[in-house]
Participant: 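Handing you this structure, nothing more for now.
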Amino acid sequence: SMRFINNTSDLSKYLGIRIENQALIKEISTDTRTINQGSLFIAIKGKNFNGNDYVQDAFKKGAVLALVDDLRFKDSKNKKIIYVKNTIESLTKIGKNIINDFEGKVIAITGSNGKTSTTSIVADSLKKVSSTIENFNNEIGVPLSLINASPKSDYLVLEIGASKFNDIDHLSKILKPDIGIITNIGNSHLEELKNTNGVLRVKSEIITHIKKNGFLVVPNDNEKHLSFWKKVRKDINIVTFGKSKSADFYSYKADLNRDGANFYISSKNLVDSIKIKTTLEGEHNIMNILASCACHFCLNQDLDLFAKKINLNKLTIKRQRKTKWLNGSTLIDDTYNANPDSTKKSIDLLCNYNNKKKILILGDMLELGKFRKNLHKEIGIYAKQKGIDNFLGFGNLTKVAVDAFGKNGFFFNGEKDLKAYIKDNISSKDIILIKGSRGMKMERFIDV
């Protein structure tokens with residue numbers, strides 16, 4: 001299938017340099033562990049590793065080209081090696097040039113929670129679309145998603161993430177979106193950003209780069225945030241979503257159940273309300289669908305058709321997969337990531353299952369800065385208030401959460417101990433939620 005970069009002449013065009021070597025490029029990778037025959041390897045200098053050290057490995061595994069930025073390669077006679085000053089800057093340049101070439105609409109999605117789900121909902125309900133691969137949402141991932149996009153697409157739907165100031169600025173400058181979506185402002189990545197005002201500031205960097213007369217789609221649950229957004233630019237349109245009638249698109253008559261959610265979307269822009277019946281569970285997914293609906297409105301899409309696609313359940317959301325598990329129990333797999341907000345939302349979801357024993361297995365929530373202990377304590381208290389039956393904590397920080405939870409809270413220091421406990425104590429009457437930060441790799445407890 002066509003991608004923006006299929007061969008060396010495409011690469012030369014988007015990189016803006018001459019490349020002697022003629023080769024087909026089957027795929028692009030920054031990780032030698034996943035290199036296949038016919039790949040272009042891009043060497044990245046990270047904090048703890050240097051991709052330039054692995055160029056020979058890449059060639060052994062069948063890479064046809066390597067884009068490198070280490071001086072040792074500057075005068076290399078090897079035709080397979082393309083030397084640049086900085087590979088991340090080269091990726092940025094490639095991304096910008098692809099966007100300049102692209103004639104369709106670009107939608108960029110950021111926020112503390114719900115980015116990945118909203119990106120999926122928007123992309124899955126449009127025709128002729130290319131979207132973020134996996135969760136490639138940083139300075140390396142976004143250009144890679146663009147390289148893999150099809151030039152025949154009418155829409156590019158891309159998730160952009162941030163762990164520090166200027167991340168979103170950098171990525172949205174590449175994308176120059178027609179529509180920018182901020183799903184919400186919560187306590188994500190507090191380490192660098194200090195507090196929710198920091199989160200508000202970094203997520204709002206997207207606004208600077210939205211095309212003139214483009215759209216900004218935002219939640220309207222916080223007056224202060226909304227008035228801040230309205231002041232940033234006068235030459236774009238703001239479209240809001242939320243639970244209150246003051247939102248441009250709002251939900252009502254919501255019925256959250258074990259098979260998902262039923263609700264109505266209403267708007268002053270609609271003659272009739274739209275009925276939504278989705279297998280996506282939880283309040284937060286109602287918000288993600290509302291944000292997506294607002295986005296479709298900005299794209300002049302038929303909203304009844306949008307509802308039909310949602311209702312047909314053509315969505316490919318990977319998070320919170322619900323499956324049968326050990327001894328006939330039910331598992332909600334939310335091991336993809338965790339921060340205080342998303343964890344509370346997942347606890348809410350677990351509490352929809354009244355007739356089952358509700359077990360939360362939580363790994364540490366990382367990158368929370370100096371408030372980390374308090375934020376873990378809060379989760380323990382929240383889980384107790386909500387009626388979680390058993391709380392199993394894994395990692396250093398969850399000890400605080402387990403202590404705050406009290407009776408029926410269990411703390412595990414070692415992987416083996418928790419696995420043994422799971423094997424011995426899970427029964428068919430249980431529903432289990434497993435959640436934790438990416439770095440905790442909580443998926444290792446699914447296959448006990």
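Just so you know, these numbers use all the heavy atoms, side chains as well, and skip hydrogens, waters and symmetry mates. Note that the numbering runs from 1 along the sequence shown for the chain.
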Participant: Kindly give the heavy-atom pair with the smallest separation between Asp167 and Gly161, and that separation in Å.
Facilitator: CB-O, 4.0 Å
Participant: Please check: side-chain N/O of Asp302 versus main-chain N/O of Asp304, any donor-acceptor pairing under 3.5 Å?
Facilitator: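 Looks like yes, one N/O pair under 3.5 Å.
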Participant: Checking Ser273 against Tyr252: is there a side-chain donor and acceptor pair closer than 3.5 Å?
Facilitator: yes
Participant: Measure from the side-chain N and O atoms of Ser150 to the backbone N and O of Arg3, and report whether any donor-acceptor pair falls under 3.5 Å.
Facilitator: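 Not at all, since once roles are kept as given, no pair shorter than 3.5 Å links the two residues.
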Participant: Indicate yes or no: at least one non-hydrogen side-chain atom of Asp333 is less than 4.5 angstrom from one of Glu443.
Facilitator: no
Participant: Locate the shortest heavy-atom distance separating Gln37 from Lys26; write the atom from each residue and the value.
Facilitator: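 That closest heavy-atom pairing would be O-CD, 3.9 Å.
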Participant: Using the ring of Phe405 (Phe, Tyr or Trp, six-membered ring only), decide whether Lys384 places NZ or CZ under 6.0 Å from its centre and within 45 degrees of its axis.
Facilitator: yes
Participant: Please find the pair of heavy atoms, one from Lys96 and one from Ile174, that lie closest to each other, and give the distance.
Facilitator: N-CG2, 3.7 Å
Participant: Check for a donor-acceptor pair, side chain of Ser130 on one end and backbone N or O of Ala149 on the other, with a separation under 3.5 Å.
Facilitator: no
Participant: When you measure from the side chain of Asn237 to the backbone N and O of Gly214, does any donor-acceptor pair fall under 3.5 Å?
Facilitator: yes
Participant: Does some side-chain heavy atom of Val122 sit less than 4.5 Å from a side-chain heavy atom of Val129?
Facilitator: no
Participant: Tell me whether the count of non-hydrogen atoms from other residues, nucleotides or ligands lying under 6.0 Å of NZ in Lys399 goes above 12.
Facilitator: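 Check fails, neighbour count at 12 or below.
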Participant: When you measure from the side chain of Asp364 to the backbone N and O of Asn396, does any donor-acceptor pair fall under 3.5 Å?
Facilitator: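 Checking the backbone N and O of Asn396 against the side chain of Asp364, a donor-acceptor pair under 3.5 Å is found.
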Participant: Donor-acceptor pair, Asp389 side chain versus Ile359 backbone, under 3.5 Å?
Facilitator: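 Pair absent, no side-chain N/O of Asp389 close to backbone of Ile359.
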Participant: Might you point out which heavy atoms bring Leu326 and Ile426 nearest each other, and give the distance in Å?
Facilitator: O-CG2, 4.0 Å
Participant: I want to check something: taking the side chain as every heavy atom from C-beta on, are Phe165 and Glu205 in contact at a cut-off of under 4.5 Å?
Facilitator: yes
Participant: Should we say atom NZ of Lys419 is surrounded by more than 12 heavy atoms from elsewhere, each under 6.0 Å from it?
Facilitator: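 Enclosed.
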Participant: Which is it for His296 and Leu126 under the side-chain contact (heavy atoms from CB on, under 4.5 Å) test, yes or no, and what are the steps along the way?
Facilitator: CA-CA 8 Å; His296 274 251; Leu126 286 168; 3.5 Å; yes
Participant: Could you please spell out the steps behind the side-chain contact (heavy atoms from CB on, under 4.5 Å) verdict for Met287 and Asn184?
Facilitator: CA-CA 9 Å; Met287 291 303 130; Asn184 63 6; over 6 Å; no
Participant: Check the pair Lys386 / Asp348 against salt bridge (charged side-chain N to carboxylate O under 4.0 Å, His left out), numbers first and verdict last.
Facilitator: CA-CA 7 Å; Lys386 281 283 180 174; Asp348 293 348; 3.4 Å; yes
Participant: Side chains of Ser428 and Asn327: is there a donor and an acceptor less than 3.5 Å apart?
Facilitator: no
Participant: Do Asn339 and Asp341 have a side chain donor and acceptor closer than 3.5 Å?
Facilitator: no
Participant: Could you give the distance from CG (Leu171) to CG (Asp169), rounded to the nearest 0.5 Å?
Facilitator: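 Those atoms lie 9.0 Å apart.
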Participant: Working to the nearest 0.5 Å, report the span between OG1 of Thr183 and NZ of Lys115.
Facilitator: 6.5 Å
Participant: For side-chain contact (heavy atoms from CB on, under 4.5 Å), just list the numbers for Ser117 and Leu280, CA-CA rounded to whole Å, side-chain angles, deciding distance to a tenth of an Å, and then say yes or no.
Facilitator: CA-CA 10 Å; Ser117 302; Leu280 298 178; over 6 Å; no
Participant: Indicate the atoms forming the closest heavy-atom contact of Val142 with Glu159, along with that distance.
Facilitator: CG2-O, 3.9 Å
Participant: Can you find a side-chain donor-acceptor pair between Asn220 and Ser246 that sits under 3.5 Å?
Facilitator: yes
Participant: So, for Phe445 and Phe394, is the gap between ring centers shorter than 6.0 Å?
Facilitator: yes
Participant: Treating His376 as the side-chain partner and Met365 as the backbone partner, does any N or O pair qualify as donor plus acceptor under 3.5 Å?
Facilitator: yes
Participant: With a 4.5 Å cut-off on side-chain heavy atoms, are Tyr382 and Thr343 touching?
Facilitator: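 The answer is no, as the side chains (C-beta and beyond) never meet within the 4.5 Å cut-off.
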Participant: Within this structure, what is the OH-CD1 distance for the pair Tyr250 and Ile265, rounded to the nearest 0.5 Å?
Facilitator: 11.5 Å
Participant: Is a donor from one side chain sitting under 3.5 angstrom from an acceptor on the other, for Asp57 and Thr32?
Facilitator: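 Their side chains do not contain a donor-acceptor pair, so the 3.5 Å distance test is not met.
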Participant: For a 4.5 angstrom cut-off between non-hydrogen side-chain atoms, does Ile388 reach Cys351?
Facilitator: yes
Participant: To the nearest 0.5 Å, tell me how far Phe391 CZ sits from Ile361 CD1.
Facilitator: 10.5 Å
Participant: Go through it in stages, so that I can follow the logic: the residues are Val202 and Thr110, the test is side-chain contact (heavy atoms from CB on, under 4.5 Å), and I'd like the CA-CA distance, side-chain angles, deciding distance and then a yes or no.
Facilitator: CA-CA 10 Å; Val202 77; Thr110 190; over 6 Å; no
Participant: Where the side chain of Lys211 meets the backbone of Lys176, is there a donor-acceptor pair that is under 3.5 Å apart?
Facilitator: yes
Participant: Does the side chain of Leu299 reach to within under 4.5 Å of the side chain of Lys105, using non-hydrogen atoms?
Facilitator: yes
Participant: Looking at Thr208, is its backbone amide N or carbonyl O close enough to the side chain of Arg233 to form a donor-acceptor pair, meaning the two atoms are under 3.5 Å apart?
Facilitator: yes
Participant: Tell me whether Asp154 is salt-bridged to Lys127, with the criterion being a basic N under 4.0 Å from an acidic carboxylate O.
Facilitator: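 No, no charged N to carboxylate O under 4.0 Å.
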Participant: Under a 4.5 Å cut-off applied to non-hydrogen side-chain atoms, are Phe4 and Leu146 in contact?
Facilitator: no
Participant: Could you tell me if Asp248 and Asn269 have a donor-acceptor pair between their side chains, going purely by distance under 3.5 Å?
Facilitator: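 The answer is no; no qualifying pair exists.
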Participant: Is it true that Glu139 and Thr92 share a donor-acceptor pair across their side chains at a distance under 3.5 Å?
Facilitator: no
Participant: Let me confirm one number: the CG-CD1 distance from Leu331 to Ile434, rounded to the nearest 0.5 Å.
Facilitator: 5.0 Å
Participant: Hey, is the main chain of Val157 close enough, under 3.5 Å, to the side chain of Ser131 for a donor-acceptor pair?
Facilitator: yes
Participant: Would the number of heavy atoms belonging to other residues, nucleotides or ligands and lying under 6.0 Å from CZ of Phe411 be above 12?
Facilitator: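 Counting other residues, nucleotides and ligands, CZ of Phe411 exceeds 12 neighbours.
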Participant: Is there side-chain contact between Trp229 and Leu200, with at least one heavy-atom pair below 4.5 Å?
Facilitator: yes
Participant: Could you check whether the rings of Phe410 and Tyr421 sit parallel, tilted or perpendicular, using 30° and 60° as the cut-offs?
Facilitator: tilted
Participant: Do you know the tightest heavy-atom contact between Ile381 and Ala404?
Facilitator: CG1-CB, 4.0 Å
Participant: Has Lys61 got more than 12 heavy atoms of other residues, nucleotides or ligands less than 6.0 Å from its NZ?
Facilitator: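 Yes.
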Participant: For Phe241 together with Phe249, are the ring centres under 6.0 Å from each other?
Facilitator: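 No, ring centres 6.0 Å or more apart.
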Participant: Let me confirm one number: the CG-CD1 distance from Asn138 to Ile168, rounded to the nearest 0.5 Å.
Facilitator: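 Asn138 atom CG to Ile168 atom CD1 measures 10.5 Å (nearest 0.5 Å).
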